[in-house]
Amino acid sequence: QVKLVDSGGGWGQPGGSLRFPCARPGSTRSTSHMAWYRQAPGTQRELVAVLSSDGTTAYAESPKGRLTISRDDAKNTIYLQMNNLKPEDTAVYYCTDLISSWGRGTQVTVSS
């Protein structure tokens, strides 16, 4: 199981942007599928972005156009960039390797 460390969420204003990382310390799997999920209070965890090993990306319909998932293999880290933040983006965001590893989650709160 790969250790994943997601962090760097925090507070953002509507219309603003946030970018936060998911580090994979000690992982030697530089090419692997990775994804971000989010879970808002009282809801099920939902998939929001996927980055395939070949660089292909896919996004959930709702935040589509406002999210960018990317990776920096030199840093063994993936990122989620969120633009034009909306209050409904408020959730805990989790990264996963889509196999068995999950980060502990990072809280994102969007409010004015």
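Heavy atoms only: backbone and side chains are in, while hydrogens, waters and symmetry mates are out.
- Looking at residues two or more places apart in sequence or on another chain, you find a salt bridge (Lys or Arg N to Asp or Glu O under 4.0 Å) between Arg66 and Asp89.
- For the pair Ser53 and His33, the tightest heavy-atom approach, listed with the atom from each and the gap, is N-ND1, 3.1 Å.
- Nearest heavy atoms, Tyr79 versus Asp72: CE1-CB, 3.9 Å.
- Distance CZ/Arg38 to CD/Glu88: 8.0 Å, rounded to 0.5 Å.
- When the side-chain contact (heavy atoms from CB on, under 4.5 Å) test is applied to Thr68, the partners found at least two apart in sequence or on another chain are Tyr59, Gln81.
- Here Tyr37 is tied into one hydrophobic group with Leu47, Val50, Val92, Tyr94, Leu98, Trp102, each link being a pair of ILVMFWY side chains closer than 4.5 Å.
- Inter-residue side-chain proximity for Trp36 and Asp6 is flagged as met; some heavy-atom pair is nearer than 4.5 Å.
- Rounded to the nearest 0.5 angstrom, Tyr93 OH and Met82 CE are separated by 3.0 Å.
- When all heavy atoms of Cys22 and Leu4 are compared, the pair lying nearest together is SG-CB, 4.0 Å.
- In terms of modelled atom types and a separation under 3.5 Å, the side chain of Thr77 and the main chain of Lys75 share a donor-acceptor contact.
- Remark: Ala40 pairs with Thr43, Ala91 by the side-chain contact (heavy atoms from CB on, under 4.5 Å) rule, at least two apart or across chains.
- Listed by chain and number, the residues in a side-chain contact (heavy atoms from CB on, under 4.5 Å) with Thr90 are Gln107, Thr109, Val110 (sequence neighbours excluded).
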Full working for side chain to side chain contact (heavy atoms under 4.5 Å, CB included) between Ile78 and Cys95: CA-CA 9 Å; Ile78 66 165; Cys95 65; 4.2 Å; yes
What pairs of donor and acceptor atoms, side-chain ones from residues 12-20 against any protein atom, are under 3.5 angstrom apart with sequence neighbours left out?
residue: Ser17; atom: OG; partner: Asn83; partner atom: OD1; Å: 3.0

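- Distance check: Leu85 CG to Ser112 OG gives 12.0 Å after rounding to the nearest 0.5 Å.
- The closest donor-acceptor contact from the side chain of Thr96 to the backbone of Ser101 lies under 3.5 Å.
- Closest non-hydrogen pair, Ala49 versus Leu80, comes out as CB-CD1, 4.1 Å.
- Here Arg71 pairs with Asp73 in a salt bridge; the nearest charged N to carboxylate O distance falls below 4.0 Å.
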